[in-house]
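Since the structure comes first, as structure tokens, the remarks are kept for the end.
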Amino acid sequence: MVLLLQKIFFNTYNMNKINTLLALVTIAILSGCGTARIIVTDHPEKRYSSSNITIQRSDSTVQVPDEMVSHFDSALRKELMTSFTTGKDLTVEYRFVSFQQGDRFKRYLAGGIGNWGEGNLIIEAKYIDSEGAQIAKVQTDAKIDSGFFGGSIKSALEKAAKELSDYTISNFRG
């Protein structure tokens with residue numbers, strides 16, 4: 001009887017299913033649950049495209065640790081420079097208008113349930129043409145609410161850079 005139960009519940013096929021499930025759960029726990037979205041506040045009135053870009057940091061309206069600003073700047077440059085070259089035809093000028101790092105320990109304890117310890121940020125980006133005229137303005141809203149050891153706010157910064165880059169490429173790449 002014991003052998004029959006072992007065959008039913010612990011055969012190789014079922015063990016592979018269990019191992020796969022455990023691996024998926026582990027991956028979900030290890031990855032930070034950061035999200036981001038774009039909010040278009042001023043849509044371009046006419047089509048403007050460019051093959052080169054300048055990325056420029058502007059004065060933020062809130063205090064943001066230098067390490068976090070540098071991390072976002074680096075992530076944004078990495079994303080955009082896969083599709084653009086450096087030049088003055090299009091300028092993306094960004095600034096932080098909201099930044100709350102949240103509490104990583106609280107995020108860890110909450111385990112992704114609710115928004116206890118959540119970190120969030122809003123980045124405003126203006127698109128300026130080669131003659132200095134603003135052609136569009138967007139905001140990127142990002143947050144982190146869980147992850148391994150509470151997740152890192154850097155995950156939200158990377159998601160914000162990716163969303164901003166995707167919008168820029170799809171709307172301004174010539």
- Query: Which distance, rounded to the nearest 0.5 Å, do you find between the NZ of K137 and the OG1 of T41?
  - Reply: 5.0 Å
- Query: Is it the case that one hydrophobic cluster holds both Y94 and I169, taking links as side-chain heavy atoms less than 4.5 Å apart, direct or via other members?
  - Reply: yes
- Message: Could you walk me through whether K159 and K143 satisfy the side chain to side chain contact (heavy atoms under 4.5 Å, CB included) test, starting with their C-alpha distance in whole Å, then the side-chain angles of each, then the deciding distance to 0.1 Å, before giving a yes or no?
- Response: CA-CA 9 Å; K159 297 275 186 182; K143 69 178 182 172; over 6 Å; no
- Are I38 and L121 joined in one hydrophobic group, where the rule is that I, L, V, M, F, W and Y side chains link up if heavy atoms are under 4.5 Å apart? yes
- Message: As an exercise, state the distance from CD of Q63 to CE of M68, rounded to the nearest 0.5 Å.
- Response: 14.0 Å
- Can you tell me how far the CZ atom of R95 sits from the OG1 atom of T61, to the nearest 0.5 Å? 5.5 Å
- Task: Could I get the full list of side-chain contact (heavy atoms from CB on, under 4.5 Å) partners for A161, not counting sequence neighbours?
- Result: F72, A75, L76
- What heavy-atom pair brings S49 and G174 nearest, and what distance separates the two atoms? CB-CA, 3.4 Å
- Task: Write down the atom of A125, the atom of L164, and the distance for their closest heavy-atom approach.
- Result: CB-CD1, 3.7 Å
- Applying side-chain contact (heavy atoms from CB on, under 4.5 Å) to D129 and not counting sequence neighbours gives Y48, E131, A133, I135
- Note on the structure: What one should report as the nearest heavy-atom pair of I55 and R77 is O-NH2, 3.1 Å
- Query: Sequence neighbours excluded, which residues qualify as salt bridge (charged side-chain N to carboxylate O under 4.0 Å, His left out) partners of R173?
  - Reply: none
- Query: Can you name the residues that form a ring-ring contact (aromatic ring centres under 6.0 Å, His included) with F99, not counting sequence neighbours?
  - Reply: none
- Note on the structure: Applying side-chain contact (heavy atoms from CB on, under 4.5 Å) to D166 and not counting sequence neighbours gives K162
Acceptor/donor pairs from residues 81-90 side chains to any protein atom, 3.5 angstrom cut, sequence neighbours excluded:
| residue | atom | partner | partner atom | Å |
| --- | --- | --- | --- | --- |
| T82 | OG1 | E79 | O | 2.7 |
| T85 | OG1 | S51 | O | 3.4 |
| D89 | OD2 | N52 | ND2 | 3.0 |

- Task: List in chain and number order the residues that pass salt bridge (charged side-chain N to carboxylate O under 4.0 Å, His left out) with K154, two or more places apart in sequence or in another chain; answer none if no residue qualifies.
- Result: E67
- Enumerate the residue pairs fulfilling salt bridge (charged side-chain N to carboxylate O under 4.0 Å, His left out) with a member in residues 52-66, sequence neighbours excluded, ordered by first and then second residue. none
- Residue list, side-chain contact (heavy atoms from CB on, under 4.5 Å) with Q100, at least two apart or on another chain: N120
- Please list all pairs passing the salt bridge (charged side-chain N to carboxylate O under 4.0 Å, His left out) test where one or both residues lie in residues 35-46, with sequence neighbours left out. R37-D141
- Query: Is the backbone of S70 close enough, under 3.5 Å, to the side chain of S74 for a donor and an acceptor to pair up by distance?
  - Reply: no
- Query: Quick one: does K126's side chain get under 4.5 Å of S58's, heavy atoms only?
  - Reply: no
- Message: So, using ring-ring contact (aromatic ring centres under 6.0 Å, His included) as the criterion, who are the partners of Y127 when residues are at least two apart?
- Response: Y167, F172
- Item | Hydrophobic cluster identity match, V69 and L157, side-chain contacts under 4.5 Å | yes
- Task: Nearest 0.5 Å please: distance from the CD1 atom of I123 over to the CD atom of E163.
- Result: 11.5 Å
- Message: Who clusters with I122? Use side-chain heavy atoms, under 4.5 angstrom, across I, L, V, M, F, W and Y, and order the result by chain and number.
- Response: V97
